[in-house]
Amino acid sequence: MLLNVYSRYNVIFDKGEGSYIFDIEGNKYIDFVSGISVNCLGHASPVIINALTEQSKKLIHISNLYYSEPQLELAKKLTENSAMEKVFFTNSGTEAIELAVKIAHKYGNNLSYDENGNKIIDKTEIIYMKNSFHGRSTGALAITGQPKYQKPFEPLISNVTQCNFNDVKDLKAKVSEKTAAIILEPIQGESGLESATPEFMQAIKELSEKYNALVIFDEIQCGMGRTGKLFAYENFEIIPDIVTVAKSLGGGVPIGATLTKGKANDVLKPGDHGSTYGGNPLVCAVANAVLHELIDNKLVEKDVVEKGQYSLKKLEELKGKYNFIDEIRGKGLLLGIKFDESKVLAKDVVLKALENGLLLVGAGNNVVRFFPPFNVKTEEIDEAVSILSKVLETF
Ligand SMILES: *Cc1c(COP(=O)(O)O)cnc(C)c1O
């Protein structure tokens with residue numbers, strides 16, 4: 001019945017509660033996938049249930065022809081708690097990226113002509129990183145530096161240039177007057193939780209200023225608290241012109257956002273972009289409730305930081321115990337375990353963990369992601385690590 005694009009695990013899930021999830025046969029699992037960095041408040045969160053219930057009694061959808069209070073409140077929360085100034089709401093991460101690409105193209109086109117309308121340059125190039133992941137649409141795929149996702153679907157959008165991640169020399173060779181934007185994940189999610197280095201971020205800052213190019217941060221996976229800061233850029237000495245977020249923003253309801261500041265704010269004009277569902281009252285009400293937990297109830301500042309440190313300590317202990325663990329990576333609760341490829345495959349660890357009641361998800365470069373919900377309990381981390389240790393024992 002389902003289009004064959006996922007090799008799914010052989011389990012049908014029925015319900016969840018907090019960090020736990022149950023299949024239709026009643027088997028219990030600890031869920032440290034969190035719907036791939038989405039369910040930041042865990043399953044069946046009373047906060048989300050309440051927001052969904054209350055808002056659904058008022059308005060679910062009105063289109064973007066009108067204002068709604070939940071959408072205005074969410075835009076206010078996001079801009080007041082960041083360096084960003086304007087917001088557009090989408091239904092997914094990919095759509096947030098598509099908008100960022102459109103802004104970059106129009107920004108570049110605006111600068112490509114002189115006052116008489118003569119073309120002086122083609123400033124529409126987008127620089128993207130090797131091993132990046134930005135989504136599956138033909139726009140987002142074009143800047144996703146993984147040939148296995150791109151090749152079968154060509155032609156994709158053109159005038160894109162790949163740069164080696166964290167390679168300052170390569171970046172310097174590629175960014176020029178023709179660059180409209182540089183896009184990167186501050187911490188690469190799908191490809192194995194490699195973080196941008198301070199030197200690389202510094203080079204991005206300098207080159208984008210020198211050539212008047214936009215900087216776009218894709219924080220769809222690493223943003224909204226998972227690193228222990230609300231925005232991942234707060235971990236670096238740079239403020240991007242555009243930030244895309246999604247995943248944890250809705251705690252499970254489909255919502256994304258493209259945030260802009262400064263010269264990216266007014267590139268688009270009425271009629272340039274739109275979305276029927278984007279930012280409808282229901283999803284915004286849920287996101288407001290999630291952000292209230294994350295910001296006002298200090299889930300990010302306190303829980304993610306503390307549970308992140310605790311998890312890191314426990315995973316480092318595992319690394320001490322098993323010599324086929326190369327490295328524990330990441331920040332906050334955006335953690336990854338990198339295995340020595342010649343000895344253990346990440347996908348085998350994920351499968352065996354599932355069989356033993358622990359959900360984990362792999363990433364590129366032989367990494368297993370460890371993504372608990374933000375309100376995970378210390379005992380649950382202990383339980384997960386103990387299952388994982390039992391699993392690793394078998395290799
Ligand atoms: C998940 C993800 C996307 C795509 O988001 P969807 O909601 O699946 O469209 C884009 N970029 C990054 C970094 C992601 O992790």
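Start at 1 and go down the list; that is how both ligands and their atoms are numbered. What's counted below: heavy atoms across the whole structure, side chains too, no hydrogens, waters or symmetry copies.
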Against ligand 1, does Ile97 come closer than 4.0 Å with any heavy atom? no
Counting each atom of ligand 1 from 1 as listed, which ones have a heavy atom of Gly93 under 4.0 Å away? 5 (O), 6 (P), 7 (O), 9 (O)
Would you say Ile220 has any N or O atom under 3.5 Å from an N or O of ligand 1, going by distance alone? no
Is the distance between the ring centroids of Phe370 and Phe32 less than 6.0 Å? yes
With heavy-atom distances below 4.0 Å as the criterion, list the atoms of ligand 1 near Glu185. 13 (C)
I'd like to know if the side chain of Asn39 and the backbone of His43 have a donor-acceptor N/O pair within less than 3.5 Å. no
Side-chain heavy atoms of Ile103 within contact of Leu268, under 4.5 Å: yes
What verdict does the ring pair (Phe, Tyr, Trp, His ring centres under 6.0 Å) test give for Tyr29 and Phe13, after you've listed the backbone C-alpha separation in whole Å, the side-chain angles of each residue and the deciding distance to 0.1 Å? CA-CA 10 Å; Tyr29 307 75; Phe13 284 117; 5.2 Å; yes
Which residue and non-hydrogen atom of the protein lie closest to atom 11 (N) of ligand 1, and at what distance in Å? Asp218 OD2, 2.7 Å
Can you tell me the protein heavy atom closest to atom 4 (C) of ligand 1 and the distance? Thr94 OG1, 3.6 Å
Taking the minimum heavy-atom distance to atom 1 (C) of ligand 1, which of Lys247, Gln188, Glu219, Gln221 ranks first? Lys247
Atoms of ligand 1, numbered as shown, that sit under 4.0 Å from any heavy atom of Ser92: 7 (O), 9 (O)
Within a reach of under 6.0 Å around NZ of Lys119, are more than 12 heavy atoms found that belong to other residues, nucleotides or ligands? yes
Salt bridge between Lys298 and Asp303, side-chain N to carboxylate O under 4.0 Å? no
